[in-house]
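Report on one structure; see the data block that follows.
Computed from heavy atoms alone, side chains included, the values below leave out hydrogens, waters and symmetry copies. Convention: sequence-line order gives letters A, B, ...; per-chain numbering from 1.
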Number of protein chains: 2
Amino acid sequence: MRKLKDARRPEILDATLEIVAERGLDAISMRSVAQRLGLTPMALYGYFRSKEELLDAVLGRLLTEVPLPPEGAPWREVLTHLAYGMRAVAQRHPTVLPLVLTRPGISPGALRLIDRIYQALLTAGVPPGEVPRLERSLSTFVIGHVLSEVSGRFSLGTLDPSARRAQLPPEELPGHDALAAVLDGPVDSEAEFRANLDDVFVMVESRVAR
Amino acid sequence: MRKLKDARRPEILDATLEIVAERGLDAISMRSVAQRLGLTPMALYGYFRSKEELLDAVLGRLLTEVPLPPEGAPWREVLTHLAYGMRAVAQRHPTVLPLVLTRPGISPGALRLIDRIYQALLTAGVPPGEVPRLERSLSTFVIGHVLSEVSGRFSLGTLDPSARRAQLPPEELPGHDALAAVLDGPVDSEAEFRANLDDVFVMVESRVAR
DNA sequence: ACCTGAACACCGTTCAAGT
DNA sequence: ACCTGAACACCGTTCAAGT
């Protein structure tokens with residue numbers, strides 16, 4: 001297992017993020033990244049052992065861009081700050097995001113964020129034994145929302161709401177039927193994010209020792 | 001836009017799921033699927049317009065495998081049933097799962113599941129205006145959890161908990177420090193899933209008109 | 001109606017060699 | 001110490017043709 005160089009790693013990550021921004025996650029290839037740097041694909045293998053490792057490093061870098069909340073802020077503010085920070089990063093780099101949910105958060109950047117959440121939950125009064133689970137749960141929630149928003153799970157897809165419902169006979173979809181009045185409006189995803197955050201607070205409070 | 005055949009579509013989806021099960025999501029290629037069926041890659045283009053469309057159909061098929069809860073069951077039971085059903089499907093087909101969070105749920109199978117959740121939330125007493133958002137939120141939560149579980153975000157990765165913490169000086173990680181006693185145990189993901197479901201119920205109840 | 005064959009423009013990665 | 005060149009075993013997709 002040869003030792004890796006690291007002098008030009010940041011430069012390589014920059015190039016990768018530029019490509020993602022311009023042409024999407026699928027446009028990342030060892031060849032395209034190398035080309036942008038004026039290198040041969042093989043030169044990258046001096047810095048990363050594989051494409052997978054390069055992508056993990058990109059993820060680590062991304063989490064580094066989430067601004068840390070002010071020290072000693074109240075827990076609700078900390079969680080709000082981090083959630084919006086995560087969302088902003090997601091919107092800047094929409095296409096890299098699937099990585100966040102599919103790789104363990106073990107980079108220093110990830111650790112720093114997790115630590116702030118731990119602190120917030122502890123000061124909120126959540127019993128220590130519940131804190132790690134609740135952190136995973138909140139993070140899943142925020143990342144899941146942001147990923148869905150950014151990757152189109154919340155979007156209409158190729159069918160508008162009523163055409164979508166028409167795929168099945170109405171008697172198979174009584175719930176959709178009862179909600180018809182409410183379903184055809186557009187989703188206000190800012191309001192939805194805010195409402196979801198409120199739900200997160202409810203979850204935290206329900207775990208606070210009384 | 002030529003019309004697509006559909007006679008052999010189910011057969012093609014079966015072959016695709018077999019490959020995923022044996023060799024992972026990355027092993028799906030038009031060539032590997034075709035080969036398993038004794039066809040030329042090009043034959044598949046008679047049934048699906050692209051690899052992307054094939055993958056969407058695989059996702060639709062997957063959601064079809066989630067068993068529907070008994071008609072008229074109490075809302076908590078409905079949500080529990082669907083959540084565990086989703087989780088079981090995820091465990092049977094771990095590698096396809098990233099698709100679920102990144103493509104809009106517009107297949108008939110997805111609609112049927114969503115409709116059951118709508119009904120459950122309505123009978124729980126959630127105001128209709130809140131139902132679609134809460135459905136998206138609950139689904140995100142369950143899928144996010146299940147995806148994290150199955151794809152390794154909750155797992156240790158290549159570093160054990162204490163080695164992971166050692167990447168940063170302890171004074172940068174006061175939260176981890178305070179939780180040291182609790183952090184080194186293994187995650188009981190069954191218990192965690194259960195606890196998360198309880199949190200989901202809390203969320204629903206907090207939205208019920210009183 | 002359904003499928004094949006050949007071709008095009010790509011991939012990640014290995015190995016041995018160059019400066 | 002850092003990088004290149006050539007090669008290997010792959011991709012998705014287009015187009016024209018075969019039965």
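As a whole-Å value, the separation of D6(B) CG from dA1(C) P is 14 Å.
E53(A) contributes a side-chain N or O that, together with a main-chain N or O of R49(A), makes up a donor-acceptor pair within less than 3.5 Å. A distance-only check finds a donor-acceptor pair linking the side chain of T80(B) to the backbone of R76(B) [under 3.5 Å].
Across residues 13-25 of chain B, not one residue has a non-hydrogen atom less than 4.0 Å from an atom of DNA chain C.
Using a cutoff of 4.0 Å between basic side-chain nitrogens and carboxylate oxygens, E172(B) and R165(B) are not scored as salt-bridged.
From L17(A), atom CG reaches atom CD of E65(A) across 7.0 Å, with rounding to the nearest 0.5 Å. Rounding to the nearest 0.5 angstrom, the gap separating the CE atom in M42(B) from the CZ atom in R31(B) is 10.5 Å. Distance check, rounded to the nearest 0.5 Å: CZ of R116(A) to CG of L79(A) gives 12.0 Å. With rounding to the nearest 0.5 Å, the separation of CG in L134(B) from OG in S139(B) is 9.5 Å.
In terms of the side chain to side chain donor-acceptor pair (under 3.5 Å) criterion, residue partners of S32(B) (sequence neighbours excluded) are, by chain and number, S29(B). Contacts of D198(B) classified as side-chain contact (heavy atoms from CB on, under 4.5 Å), with partners at least two apart in sequence or in another chain: R207(A), R194(B), F201(B).
Pairs of residues two or more places apart, or lying in two chains, that qualify as salt bridge (charged side-chain N to carboxylate O under 4.0 Å, His left out) and include a residue from residues 12-22 of chain A are D14(A)-R61(A), E18(A)-R36(A), E22(A)-R36(A).
Stem analysis of DNA chain D (Watson-Crick or G-U pairs, both distances under 3.5 Å, runs of at least three) returns C:4-8 with D:12-16, C:12-16 with D:4-8.
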Contact state string [nucleotides 3-19 of chain C, B base, S sugar-phosphate only, - no protein heavy atom under 4.0 Å]: SBB-----BBBBB----
